[in-house]
Amino acid sequence: MTDLRTATPPLTEGTVQTGAQTSAPVPHALQDHDVSAQGVTKSFGKTEIFSDVSFRLVRGEAVALVGANGTGKSTLLRCILGLIPIDRGAVELLGQDVTHAKGAQLRGLRANTGLVAQKHNLVPRLSVLTNVIHGLLGQHSGPRYWSQSFAPEEARVAAMEALEKVGLAHLAARRADRLSGGQSQRVAIARALVSKPRLLIADEPCASLDPSAGEEIMAMFFDLVRSEGVTVVFTSHHIEHALTFGDRVLGLADGHLKLDATAASLAASDLRGLYD
Amino acid sequence: MTNISSLPARYERPSALSFLGYAAGILIFFWALNGAGFSLEKVLSSPPRFADFASRAFPPNLEPKVLERLGWKMVETLQIAFAGAAIGVILSLPVALLATRGLIFGSAVTTTTRTVLGFIRAVPDIAWALVFVVAVGLGPFAGVLAIMIDTVGFCGRFFADDMEAVDKGPSEGLTATGARRLDIAACATLPASAPAFVSTSLYALEKAVRSSTILGLVGAGGIGIELKVGFDLFDYPTAMTVILMIAVVVILIEALSTWARKKIIGEQR
């Protein structure tokens, strides 16, 4: 595998980097962090997915997480949200420990986050508007938010505004299973943004789309998150996406974080080594 | 070129454990036949007796007065089936939420609920009818209660299985936003399970119609009592009329259910 360490420049101000391999936790002393992972290790049964992974996400930055299939990118994203428990280490989300958070505390943390998944994860038989209103469930629990028919006016307005941002307000009444792949992903983005989250996690958001729709979705997604100052961590198999849309790139390979560098300092050839 | 000797065997040789399993299966089969009094001699000697019954049962009794009486009994049978199945399906929804693993409640609640549902299913509908005849007296209401509890046992379990089998993606999407378990069940799991619920409910209705035709044998209403009286009084033509009516109605209900399943699920998926 290509030695990626030479590609890794210092992260940001306040970062002390030993060599270029930054899997050791390094404090970004001058900046706020939305996510801080320290020595995170995860196994499924006897198979270790990754070990001793450490990184921090600075507020407002977009971080690409890259690596070959099976390196645990999606698992790592879910560990950040506490959707999958970790075996060792610690994860702080928005300044609070996710590893030991339970019940209302964990829900409260997640209420400030959003997840955009590869498969859109919309509820197929419900309307687009209802699906977007569901994005508010973390902040407003109860039957009034189960369907757009019962939802309070402010929720309907917020959901319509989110749909306008992704250019699909005219499809608000359509059933989610009658949308194209690109439209579904736009609705998923609207659902993730409607609650005005501080952190968005996007797991291969354009993997199920054709190249042209994928480019369009990524461009729109990053326009929106940058205009709203949301911190984003996303996975992608497209090296160009990682370099174009990410401020920073994290690379997983062989169960370790092998790369942590600013996107501007990297070339596509630097990332190809992660897939060898 | 591939060497013939390197080709895999056409049939896999069973392991010693599999071989023992097959042998045990065959032994259990013959043990069951023996215990059930299976007799080839009786099978061979039965056609003349069956022919004798058929000659006495045909033609069926088609007198207008008899047909009218049996017709009203069949209406009552369908009323028992529809009422019992409808109440049972409605009650099954909250019960299924209690029984679905990983949805709202922990393993203590889901395991207990599934055990109770298993008990309900283990008791035959005719036994439930006997229990309710004792509890509420003779008549169709006992039949409605028997069908209802039988439907809860059936639909409660299968609704829960349907909910466990749905795509977990939408639920995960809502979990990631901090939604509560009840919200996730209502907004992601239940809508995704709805087509399966419709299919299961229609099957429960077919099952209820079949069951309700025999509940009369124990006094729980419906056309079953006419069948019993027919055989008890050796009035085979009337008994044959009842059998034919049951067959026609059950086949019709099954056809209607298949049509409705296609229509509803086909459009909603």
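Excluded from the calculations below are hydrogen atoms, water molecules and symmetry mates; all remaining heavy atoms, backbone and side chain alike, are included. Naming convention: chains lettered A, B, ... in sequence-line order (proteins, then strands); numbering from 1 in each chain.
Once rounded to the nearest 0.5 Å, the distance linking OG of Ser171(B) with CG of Leu83(A) reads 11.5 Å. Here CG of Asn131(A) is found 8.5 Å from CG of Leu174(B). Values are rounded to the nearest 0.5 Å. Asp167(B) CG to Asn121(A) CG: the interatomic distance, rounded to the nearest 0.5 Å, is 6.5 Å. Remark: Glu172(B) CD to Asp203(A) CG distance equals 8.0 Å, nearest 0.5 Å. Once rounded to the nearest 0.5 Å, the distance linking CG of Leu137(A) with OG1 of Thr177(B) reads 6.0 Å.
For Glu12(B), the CD atom is loosely surrounded, since the number of other residues' heavy atoms within 6.0 Å does not exceed 12. Counting heavy-atom neighbours within 6.0 Å of Arg210(B) CZ, excluding the residue itself, gives a total above 12. Residue-environment remark: CG (Leu27(B)) exceeds the threshold of 12 foreign heavy atoms within 6.0 Å. Within a 6.0 Å sphere centred on CZ of Phe44(A), heavy atoms belonging to other residues, nucleotides or ligands number more than 12. When the shell of 6.0 Å around NZ of Lys119(A) is examined, it contains 12 or fewer heavy atoms from other residues, nucleotides or ligands.
Scanning both residues, Leu115(A) and Ala176(B), for their nearest heavy atoms gives CB-CB, 3.6 Å. Closest approach of Arg107(A) and Gly178(B) over heavy atoms only: CD-O, 3.2 Å. Of all heavy-atom pairs between Val123(A) and Pro170(B), the closest is CG2-CB, 4.0 Å. What you find for Arg125(A) and Pro191(B) is that their closest heavy atoms are NH1-O, 3.0 Å.
Contact tally against chain A (heavy-atom pairs below 4.5 Å) for Ala179(B), Gly173(B), Cys187(B): the top residue is Cys187(B). Of the listed residues (Ala192(A), Gly142(A), Pro124(A)), the greatest number of heavy-atom pairs within a distance under 4.5 Å of chain B belongs to Gly142(A).
Neither the backbone nor the side chain of Ser195(A) comes within contact range of chain B, judged by heavy atoms closer than 4.5 Å. Residue Ala117(A): no heavy atom, backbone or side chain, is found under 4.5 Å from chain B.
In this structure the side chain of Leu182(B) reaches within 4.5 angstrom of the side chain of Trp146(A), judged on heavy atoms.
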